[in-house]
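Structure incoming, see below.
Side-chain atoms are counted along with the backbone in the values below, which use heavy atoms only and exclude waters and symmetry mates. For the single chain, residues carry numbers from 1 onward in sequence order. Computed from a prediction, not measured in an experiment: that's the story for all the values here.
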Amino acid sequence: MSLKTALLSALRSFSRPAVTLQTSRIHTGVCWRKAEDRKEMLASLPAKDEGTVGEKTVDIDTLINRKAKFFPDASTATQLFNGTPFNELPICNIRVSPNNTIISVTDHKGVLRLIRSCGIEGFKNTRKGTNIAAQATAVTISGKAIELGWKTVRVKVRGLGPGRMSAIKGLQMGGLNIVSITDNTHVSFNPPRPRKQRSL
């Protein structure tokens with residue numbers, strides 16, 4: 001009997017600290033919780049858009065192996081596309097900025113024939129800078145270009161903004177056949193001094 005009581009008392013002594021550990025509370029400061037809440041909030045925010053949403057990375061090596069005539073060469077200017085030489089195809093210029101997208105179509109000499117922007121299309125204020133506005137504008141101008149009898153065009157894109165890829169996609173959706181895409185974005189080697197960093 002004494003052995004039994006000794007074992008019971010030993011078990012009780014082992015079980016007591018476990019109970020006290022469960023009931024004890026860990027105190028954290030208010031500042032620590034605020035910092036963790038801020039980290040969670042910043043992690044849940046969407047990534048900052050640099051105007052390249054919708055851009056795709058393309059593996060150049062696989063494209064070169066698949067298609068021999070991917071990059072232009074000396075004979076590209078006289079190459080025929082739907083019976084028209086490349087250097088006589090109309091040019092579709094897409095001017096993209098963070099606040100608006102302007103699309104113009106010129107003939108091969110550079111004479112302006114059509115021009116549309118997101119503002120002309122009916123989008124106002126911040127909606128002009130969206131990719132949906134750029135796509136709608138591109139669909140409209142491609143319809144007008146087809147009315148003029150242009151089915152095959154080359155595209156020149158200039159600037160950074162949300163409407164870069166969606167404008168090209170809108171031209172395709174409108175029924176235009178895009179032969180080449182050229183990026184004419186200006187790169188300044190001595191740009192003006194940037195603004196001071198925004199304080200949050």
Side-chain angles (χ1 to χ4, degrees), residues 44-60 62-63 66-67 69-72 76 79-188 191 194-195 198:
S44 67
L45 286 174
K48 186 181 175 191
D49 179 21
E50 294 291 340
T52 55
V53 170
E55 295 277 350
K56 291 184 187 175
T57 56
V58 179
D59 188 11
I60 299 290
T62 56
L63 286 171
R66 194 179 67 200
K67 199 172 183 182
K69 296 286 286 178
F70 185 72
F71 293 109
T76 304
Q79 188 177 348
L80 294 177
F81 293 94
N82 290 343
T84 310
F86 179 80
N87 57 1
E88 291 182 15
L89 288 173
I91 304 164
C92 182
N93 298 292
I94 302 172
R95 173 76 177 90
V96 186
S97 71
N99 300 322
N100 203 353
T101 304
I102 301 166
I103 305 173
S104 61
V105 181
T106 65
D107 60 7
H108 68 279
K109 293 176 185 172
V111 178
L112 186 67
R113 300 295 295 272
L114 296 169
I115 188 164
R116 295 291 280 185
S117 74
C118 297
I120 295 171
E121 201 65 27
F123 295 94
K124 298 293 175 197
N125 303 331
T126 54
R127 292 201 186 106
K128 290 191 294 186
T130 60
N131 51 0
I132 295 151
Q135 188 170 329
T137 307
V139 168
T140 305
I141 203 164
S142 61
K144 291 185 180 292
I146 289 171
E147 285 175 16
L148 285 174
W150 292 333
K151 183 80 175 146
T152 307
V153 294
R154 12 181 202 155
V155 173
K156 291 184 179 179
V157 185
R158 188 174 136 203
L160 292 172
R164 276 169 68 94
M165 289 300 289
S166 52
I168 297 169
K169 197 167 273 284
L171 291 173
Q172 284 180 328
M173 285 169 59
L176 286 178
N177 181 21
I178 296 171
V179 172
S180 77
I181 301 171
T182 310
D183 191 359
N184 279 353
T185 306
H186 292 308
V187 178
S188 176
R195 288 184 182 182
R198 197 173 145 203

At what distance, to the nearest 0.5 angstrom, does CG of N82 lie from OG1 of T152?
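Going from CG on N82 over to OG1 on T152, the span is 3.5 Å.
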
Which pair of heavy atoms, one from S117 and one from I102, lies closest together, and at what distance?
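Looking at all heavy atoms of both residues, the shortest contact is CB-CG1, 3.9 Å.
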
What are the two closest non-hydrogen atoms of C118 and A134, and how far apart are they?
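Between these two residues, the closest heavy atoms are SG-N, 3.7 Å.
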
Any non-hydrogen side-chain atom of L114 less than 4.5 Å from a side-chain atom of L148?
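Yes. Closest side-chain heavy atoms under 4.5 Å.
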
Test side-chain contact (heavy atoms from CB on, under 4.5 Å) applied to S166 and N131, T101, T130, the passing residue
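With S166 as partner, N131, T101, T130 yield a single side-chain contact (heavy atoms from CB on, under 4.5 Å), made by N131.
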
Quick test of your reading: applying salt bridge (Lys or Arg N to Asp or Glu O under 4.0 Å), list the pairs with at least one residue in residues 120-131, sequence neighbours left out, ordered by first then second residue.
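Listed by first then second residue: R116-E121.
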
Heavy-atom side-chain contact between L171 and I141 under 4.5 Å:
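Heavy-atom side-chain distance check passes, below 4.5 Å.
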
So L112 and T106, side chain to side chain contact (heavy atoms under 4.5 Å, CB included) or not? Walk me through it.
CA-CA 4 Å; L112 186 67; T106 65; 4.0 Å; yes

Measure across S142 and G174 and return the closest heavy-atom pair with its distance rounded to 0.1 Å.
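Closest pair (atom of S142, atom of G174, distance): OG-CA, 3.0 Å.
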
Working to the nearest 0.5 Å, report the span between CD of E88 and CZ of R154.
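If I round to the nearest 0.5 Å, the distance is 9.5 Å.
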
Look up atom CD in Q135 and atom OG1 in T140, then write down how far apart they are to the nearest 0.5 Å.
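The CD atom of Q135 sits 10.5 Å away from the OG1 atom of T140.
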
Please determine whether side chain to side chain contact (heavy atoms under 4.5 Å, CB included) holds for the pair L176 and C92, giving the CA-CA distance in whole Å, both sets of side-chain angles, and the decisive distance to 0.1 Å.
CA-CA 10 Å; L176 286 178; C92 182; 5.6 Å; no

How far apart are the C-alpha atoms of T182 and N184, what are their side-chain angles, what is the distance that settles it, and do they pass the side-chain hydrogen bond (donor to acceptor under 3.5 Å, both in side chains) test?
CA-CA 6 Å; T182 310; N184 279 353; 5.6 Å; no

Do you know which two heavy atoms are closest between V139 and G170, and how far apart they sit?
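Nearest pair, atom of V139 first, then G170: CG2-O, 3.4 Å.
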
Pair V179-L89, side chain to side chain contact (heavy atoms under 4.5 Å, CB included): steps then yes or no
CA-CA 9 Å; V179 172; L89 288 173; 4.0 Å; yes

Given side chain to side chain contact (heavy atoms under 4.5 Å, CB included), test I91 with K156 step by step and report yes or no.
CA-CA 7 Å; I91 304 164; K156 291 184 179 179; 3.9 Å; yes

With sequence neighbours excluded, tell me which residues meet side-chain contact (heavy atoms from CB on, under 4.5 Å) with N99.
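N99: side-chain contact (heavy atoms from CB on, under 4.5 Å) contacts with S97.
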
Can you list everything that forms a side-chain contact (heavy atoms from CB on, under 4.5 Å) with V157? Sequence neighbours excluded, please.
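So V157 forms a side-chain contact (heavy atoms from CB on, under 4.5 Å) with I94, V96, V155, R164, I168, I181.
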
Considering non-hydrogen atoms only, spot the tightest contact between G159 and T185 and give its length.
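Nearest pair, atom of G159 first, then T185: N-OG1, 3.2 Å.
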
Return the minimal non-hydrogen interatomic distance between D107 and R113, and the atom names on each side.
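Smallest heavy-atom distance, with atoms named: N-CG, 4.2 Å.
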
